[in-house]
Amino acid sequence: MRRSFQRRGFVIVAVLVAGISGLWVATSLLFLAQSDVRSAEVTMTRTRNRSLGLSGLRMLSDVLVEQREKILLGDSPTIEPQYSLWDEGNREAVVRLIPFGPGGERLIAEAGRLDVNHATVEQLSRLNMLDSGQARAIVDAREARPTGRFHSLHELLMIDGIDAADLLGDLAEEDSMDQVNGQEVDLAERVARRLAVPEARGLIDVLTIFGFEPNLQQNGRRRIDLNVPWSEELARRITERFGEGAAAALESVFQETAFDDDARIVEVLRRFQVPARDWMEPLDALTTRPEVHVTGRLDLNTASVDVLETLPGLDRAKADRLVAERESLDREERGSIAWPLLRDVVSDETFEEISSLVTVRSWTWRVRIAAGMVAADDPEGPIDQAVVYEAVIDLADPQPRIGYLREITLLQTASRLAAVLEDERADEESAVAAFEENLPLDDFSMNEIDDMAITSLDDLNNDFELDDEFPEEPADPNQSPQSDEVDETPSGRIGRWRP
């Protein structure tokens, strides 16, 4: 009887154990199933938001390309802070433009920055964030490259003497996701930022590799190239543009002047004592560059004081004056590179020197966008699982293109982590230095330092690459220099990137 009772008790315990085990297994399977469902939902949401972001960039490209006529006249395009793509009940699909320029700009003119692929050692040295040694190292590294150019500003990090702080500024200040989530600093700090003069955070704010523009007149036709032998076709175009007698006068000038640089056009205007106000039309219509797209010119209408100061003959006072004067330019002045001369900011001699280095148009614009869904009753609130892109939109041709595209959703996380690791590296290097000062070398193995595994921003490059430019296409040697027709097909693209 007792044995039977014990046997029944054992069976009950076994059944309870089996039941609990089964329940645990079932619960675990349910949890795993829920995790898989949640993971699938997150993946689907991210995939949808990536598609939203790409759609948003296409929409934004169309918004900007519609303003090409403004750009031809020297104006900048305008955008809204946020665009709604569609809504579904209580939720709305949006594309939000994130402020990220030094002054909180949402649309950054690439031509307002110094083109690192054309800048001289002297120009780079005049940037207040580079010394002459660093400037020389950049030019030497550029000339040593097979293509003779950088394809990404982040390639500067491979140069000795250029570190992450030089290029990017304070990594800990990256706040793209804070802005996506609607997190703002307190009122006092926002007011202080508004009152402060915008300062470049690093070379990323003053340099570019996208310095080019279509060689067009304000009327949209190709400029007239003077860097060719005199011909009936050239005479026809000069007469058509400037009227009877202009061709005969220019032909006589051709006998004694080689138009091998745009500065020669200014030289001729000065030689014949043409009033500065009358320089605007010839400077718009004439060129000495046969290329469809001219590279390396700095936009007088958008460049910062720091960048303007790199131009020959300009000091800080004149650069400050240029920025102040352009706020009051009329429409005619804004559309001509001659306006610094018309406003008496520079002399005739200085203008002749810089005339082949400047423009008043930017055709490539950098943006950061966040895409995703928001609550319909709070459209400016946080975006659910936002995907963030940084892109450069190319408006040089009537068909807009994306010249650069990178998803930077994790940029803030990567930047903060890199900042921490950089601080730790500095602390460890200080500790090692202090340790070496207080110990005889005989008592200290340098292998111990090597084994400390100090981590830097370079170790993050494989996981958080911050830039990715497309390779450059070779110029088309068959392009006719005298044709005034604008090639609107993708094959007309010269010296930029693949479609």
Is any side-chain heavy atom of [X] closer than 4.5 Å to a side-chain heavy atom of [Y]?
X      : Y      : result
Ile402 : Ser61  : yes
Leu107 : Leu97  : no
Leu168 : Arg201 : no
Val95  : Tyr389 : no
Arg297 : Ile337 : no
Arg222 : Leu216 : yes

Pair [X] + [Y], salt bridge at N-O below 4.0 Å:
X      : Y      : result
Glu233 : Arg236 : yes
Arg46  : Glu407 : no
Glu267 : Arg271 : yes

How many angstroms lie between atom [atom1] of [X] and atom [atom2] of [Y], to the nearest 0.5 angstrom?
X      : Y      : atom1 : atom2 : result
Leu286 : Ile238 : CG    : CD1   : 5.5 Å
Ser304 : Leu322 : OG    : CG    : 11.5 Å
Asn49  : Ser55  : CG    : OG    : 11.0 Å
Arg289 : Asp261 : CZ    : CG    : 8.5 Å
Leu395 : Trp365 : CG    : CH2   : 8.5 Å
Asp205 : Leu127 : CG    : CG    : 11.5 Å

Taking it one step at a time, do Arg264 and Leu226 satisfy side-chain contact (heavy atoms from CB on, under 4.5 Å)?
CA-CA 10 Å; Arg264 301 290 80 76; Leu226 301 183; over 6 Å; no

With salt bridge (Lys or Arg N to Asp or Glu O under 4.0 Å) as the criterion, how do Glu309 and Arg316 come out once you've worked through the C-alpha distance, each side chain's angles and the decisive distance to 0.1 Å?
CA-CA 6 Å; Glu309 195 178 5; Arg316 191 73 178 186; 3.1 Å; yes

Decide if atom [atom1] of [X] counts as having more than 12 heavy atoms of other residues, nucleotides or ligands within a radius under 6.0 Å.
X      : atom1 : result
Glu232 : CD    : no
Arg145 : CZ    : yes
Asp160 : CG    : no
Glu244 : CD    : no

[X] versus [Y], closest heavy-atom pair with distance:
X      : Y      : result
Ala93  : Leu52  : CB-CD2, 3.8 Å
Arg113 : Val206 : CB-O, 3.5 Å
Ala370 : Ile98  : CB-CD1, 4.0 Å
Val63  : Thr78  : CG1-O, 4.3 Å
Glu325 : Trp339 : CB-CZ3, 4.0 Å
Val345 : Lys318 : CG1-O, 3.8 Å

Would you check, one step at a time, whether the test salt bridge (Lys or Arg N to Asp or Glu O under 4.0 Å) holds for Asp284 with Arg361?
CA-CA 12 Å; Asp284 173 54; Arg361 305 163 180 169; 3.5 Å; yes

Worked check of salt bridge (Lys or Arg N to Asp or Glu O under 4.0 Å) between Arg368 and Glu174:
CA-CA 13 Å; Arg368 279 188 184 177; Glu174 172 59 43; 3.1 Å; yes

Test salt bridge (Lys or Arg N to Asp or Glu O under 4.0 Å) applied to Glu349 - qualifying residues, sequence neighbours left out:
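Testing Glu349 for salt bridge (Lys or Arg N to Asp or Glu O under 4.0 Å), a comparison that skips the adjacent residues, returns Arg270.
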
If we ignore angles and hydrogens, is there a donor and acceptor under 3.5 Å between the side chains of [X] and [Y]?
X      : Y      : value
Ser328 : Arg343 : yes
Thr288 : Asp262 : yes
Asn301 : Arg326 : no
Thr208 : Arg366 : no
Gln82  : Ser84  : no

Test side-chain contact (heavy atoms from CB on, under 4.5 Å) on Leu54 and Leu405 and set out the steps.
CA-CA 10 Å; Leu54 296 176; Leu405 177 65; 3.9 Å; yes

Evaluate the criterion side-chain contact (heavy atoms from CB on, under 4.5 Å) for residue pair Leu298 and Leu357; output intermediate values, then yes/no.
CA-CA 6 Å; Leu298 181 64; Leu357 304 176; over 6 Å; no

Cut-off 3.5 Å, no hydrogens considered: what does the side-chain donor-acceptor table look like for residues 275-283, sequence neighbours left out?
unit_1 : atom_1 : unit_2 : atom_2 : d
Trp279 : NE1    : Val274 : O      : 2.7
Trp279 : NE1    : Pro275 : O      : 3.4
Glu281 : OE2    : Arg241 : NH1    : 2.6

Derivation and outcome, side-chain contact (heavy atoms from CB on, under 4.5 Å), residues Leu314 and Thr350
CA-CA 8 Å; Leu314 265 65; Thr350 298; 3.9 Å; yes

Using side-chain contact (heavy atoms from CB on, under 4.5 Å) as the criterion, point out the one residue from Asp306, Leu311, Leu124, Leu203 that pairs with Leu114.
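Exactly one pass, corresponding to Leu124.
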
According to the interplanar angle, ranging from 0 to 90°, do the rings of Trp230 and Phe254 count as parallel (below 30°), tilted (30 to 60°) or perpendicular (above 60°)?
perpendicular

Can Asp394 and Thr364 be said to form a side chain to side chain donor-acceptor pair (under 3.5 Å), step by step?
CA-CA 5 Å; Asp394 169 18; Thr364 47; over 6 Å; no

